Amino acid sequence: MIIKKLSANNFLKYSSLTLDNVPENGIIAVCGDNESGKSAIGEAVCFALFGRTYTLTAEKILKSINWGSDKTTVTLEFKANNNNTYRINRYISDEGYLGAELLCTDENSEILSGIENINNKIIDLLGFDFSSFIESYYLPQAELNLHYDNNNAIRKISELEKVDAIAADIDKTIKESNELAEKLGENLKNLEYKLKKSKGFKERIKKLSDNIGDMERTLDIIDKRRIELNDAKTIIPKNIEEIKDYASDLRSHIKINSYSNWLHMLEFLREKYDAIDRLQPEQNDNENDILEEVRDKIHDLETRLIKFEELFESVSDYREKLAVMLGESCSSAKTDTTESPLEARNQLKHQIKNGRKNTLISMLFFIGISTGTILLLTLASFPVFTGFIYSIIGTAVSLTFLYNAHRLRLKYFTDKEQLELVELRIKEIQRRADEIDSLIEKPLGDAIAFFRNFEGNDFAEMAEHYLNKYATPLSDNAQIRNYCKELAICIRQSLEPINNSLVLIEKEQEELRHKKISLSKKRADLKEELEQEKLEHIEPEILEEEINKDNQTRNKHYEIIRLLNIATTEIAAFSAHLRFKFSKAITASASEILPALTDNNYQSLKIGHNFDTKVFSEKKSDFMEIEELSSGSRRQMAIALRLALCNALSEKTGAEVQYIFLDEPFAFFDSSRVKSTIDSLKNNNALPSQIFVVSQQFEDETLFDMIIKCHNSDIWPPHQSSI
Amino acid sequence: MTNTGSSATEEKKPPLQGLFEEYSTQKQQHISTKDSISPDNQAALEIISQCISGKKAIEAALTIIELRKNKSPANNQEHSENKDQNSDNGNGELS
């Protein structure tokens, strides 16, 4: 960039400033007393380009407005690196309104406006921003800082800023890829877990369904049991009362005098105790023992009665035979009905009836024939012989009938006697049958006595065997009474634990209620789990595809990380290479002007990779740290470095000619060193071509291509001369 | 945006690109005296080069990975097989 023209209104101390015909190649001296506005020229250029000055930041730029004015305007005409001439007009009002316009004067182009657009365009045209500008093309009056390591402008000029930005981007990408790979890894774990779950889905569903089924069955059992227990609460007390009554009856021996009573009792007790057993909760051992004793007694009684029943069964065949004889039943195939006395009685009754009838008929025939014969012989007049014959025949026939009637009568009486005998036998049979029938209702002792005394059969023997083996203590009524008493006591004792079971029922009901609530909840949970499983189920193929996809993506990230890690090493090496190259270039460039600036006291600089600067002293024949130098020498080093940075930036931006503003660079220089420095600046083609040098005064004004003399006037130019 | 004239930087490639190319060439020359530069290092250099051109690191890495994938031996083999098949001499023998 080369300054062609500069004008300003109300800028800093100037109400009006105009610089024209500025030489593109040469050294321009700006001199004048303190507060004469020398530095303001450099600041005006800075404001025109970047909207701020070296000392006034964008926030404080309002202070650049000349005291008492409401607006400042700076117009700068400059030649850019592309050799086109541009005019930039920037202004600011005391109310803070900022404005700028940019125009390329060489081309018929439109005016560009808008602060942001213009700022970007300026950077684009110049190839540097404000920070680079003030570190290279603008040497402020203040003390220079030589520690460049973290200087942003230097990093920009050396391109390290970009390299660092790339390195940071790579680093950030590695971190992001790592995070993504980790996330994918977690996702993959999750997917693999889901896949495992998905593969076991059917089994799990079956297991869950089975569990739910089991629980439902258990709940059904619980419900049934709860109903039973509810029933038990009414049935058991009722049974207890009934058993109590029965036990009382037993003690008083009211209901146990017959086999049927025993059977009834057995059935009653079994029914009641079975119901209690089924309904009552589990008892403790002691209570169980008592109940067991009752059950044993019932069982014992049952065994005895079964044997007793055998006796009845053995009688039953006989009773059947009697029944057949009595015509009660003909079902038994073994029984011969012909032996039945009823047949004989019927036959005899029939015979008696027929005999009576036949006797009467025979008598009637006798009377008839006798009477007929007499009438015939009396009334008819037969010859004697014929009459005699007739009378003989008539008499014979009537006598035959008479004899027959007599014979039938005898037979009738015989049958009558036999019928009486048969009737007696039937009665005897009936008596026996009745006796057997009544056995079941007889006191057991009497029944046993019946068997004992039964005659004509094997019953007596069987009864004896039964009595010897089973009948005790049922063999007689006295023993039976004792047995009943014992049984009643045992039953009474058993009622106590049964009574206690009501408390247990309450307890079991409560437990079942809790168990049901708990199971219902578990079942609901399982059902929910089942539904959730079904909802969440994803087919293994889909999951495998997803896993495959995620694996590929993760591998891609791993590959990115791997390559970027290598790139990190490479970019670090490249950064080191750039530092080396840049410091080498700066060293070479600074060393070129350094002898002139230091009156050959120092020949060259050595700038390390971190821009730590050492200077070679001819006198000491060694490199010295900057801190070892005097402040004047340090400023000389700073100027040398600043010029070297100008070169570097110009090389970077491709600027063939370049402006630089050096504000009081020779403050500690003697006149000969100023001359040698100016000569060096003029003769060194590598250095900027348009050099503004500010000083209070220059002894030899012939050294300069243009001299701008500033006075304490707010209007410029009071005096401007070109050489 | 109104055009106010062309700039030199628009036509020239970024200076850093030139510096990097110089660095890469020097590195290649340095390594080639002993051994060839590894494919991974080459890929890393290409990534950096693309980053200098303005690409984001992730885009550059993905581009390079994709390129390497296409140039991978498996792909080359496939390509070669296709080529072999194409060069069947018609007698049922691969020439």
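To find a chain, count down the sequence lines: A is the first, B the second, and so on, and within it residues start at 1. Values in this document were obtained by computation on a predicted structure and should not be read as measured data.
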Checklist outcome for this item: In this structure, CD1 of A/Ile170 is separated from CD1 of B/Ile48 (nearest 0.5 Å) by 5.0 Å

Checklist outcome for this item: To the nearest 0.5 Å, atom CD of B/Glu46 lies from atom CG of A/Leu563 at 10.0 Å

Next on the checklist: Parallel, tilted or perpendicular: which one describes the rings of B/Tyr23 and A/Phe574, with boundaries at 30° and 60°?
Outcome noted: tilted

Checklist entry - Heavy atoms, side chains only, cut-off 4.5 Å: are A/Leu578 and B/Leu16 in contact? => result yes

Next on the checklist: For A/Ser177, which atoms come within 4.5 Å of any heavy atom of chain B: side chain, backbone, both, or neither?
Outcome noted: side chain

Item to check | Close side-chain approach of A/Ile571 and B/Cys51, heavy atoms under 4.5 Å | outcome: no

Checklist outcome for this item: So, the part of A/Ala167 with a heavy atom under 4.5 Å from chain B: the answer is neither

Next on the checklist: Do B/Ile52 and A/Lys162 have side chains that approach each other closer than 4.5 Å (heavy atoms only, starting at C-beta)?
Outcome noted: no

Checklist entry - At what distance, to the nearest 0.5 angstrom, does CD1 of B/Ile58 lie from CD1 of A/Ile560? => result 3.5 Å

Item to check | Between A/His577, A/Glu559, A/Lys556, A/Glu176, the one whose heavy-atom pairs under 4.5 Å with chain B are most numerous | outcome: A/His577

Next on the checklist: Strictly distance-based, threshold 3.5 Å: is any side-chain N or O of A/Asp169 a donor or acceptor partner for the main-chain N or O of B/Ala57?
Outcome noted: yes

Next on the checklist: Please report the interatomic distance CZ(A/Arg562) to CG(B/Asp40), rounded to the nearest 0.5 Å.
Outcome noted: 3.5 Å

Next on the checklist: Taking atom CD as the centre, does B/Glu59 end up with more than 12 heavy-atom neighbours from other residues, nucleotides or ligands that are less than 6.0 angstrom away?
Outcome noted: yes

Next on the checklist: Which atoms of B/Glu22 are under 4.5 Å from chain A, going by heavy atoms: the side chain, the backbone, both sets, or neither?
Outcome noted: side chain

Next on the checklist: For the NZ atom on B/Lys55, are there more than 12 heavy atoms of other groups (residues, nucleotides or ligands in this structure) within a distance under 6.0 Å?
Outcome noted: yes

Next on the checklist: Using heavy-atom distances under 4.5 Å, tell me whether A/Ile166 contacts chain B through its side chain, its backbone, both, or neither.
Outcome noted: side chain

Checklist entry - Using non-hydrogen atoms only, which part of B/Glu66 is less than 4.5 Å away from chain A: side chain, backbone, both, or neither? => result side chain

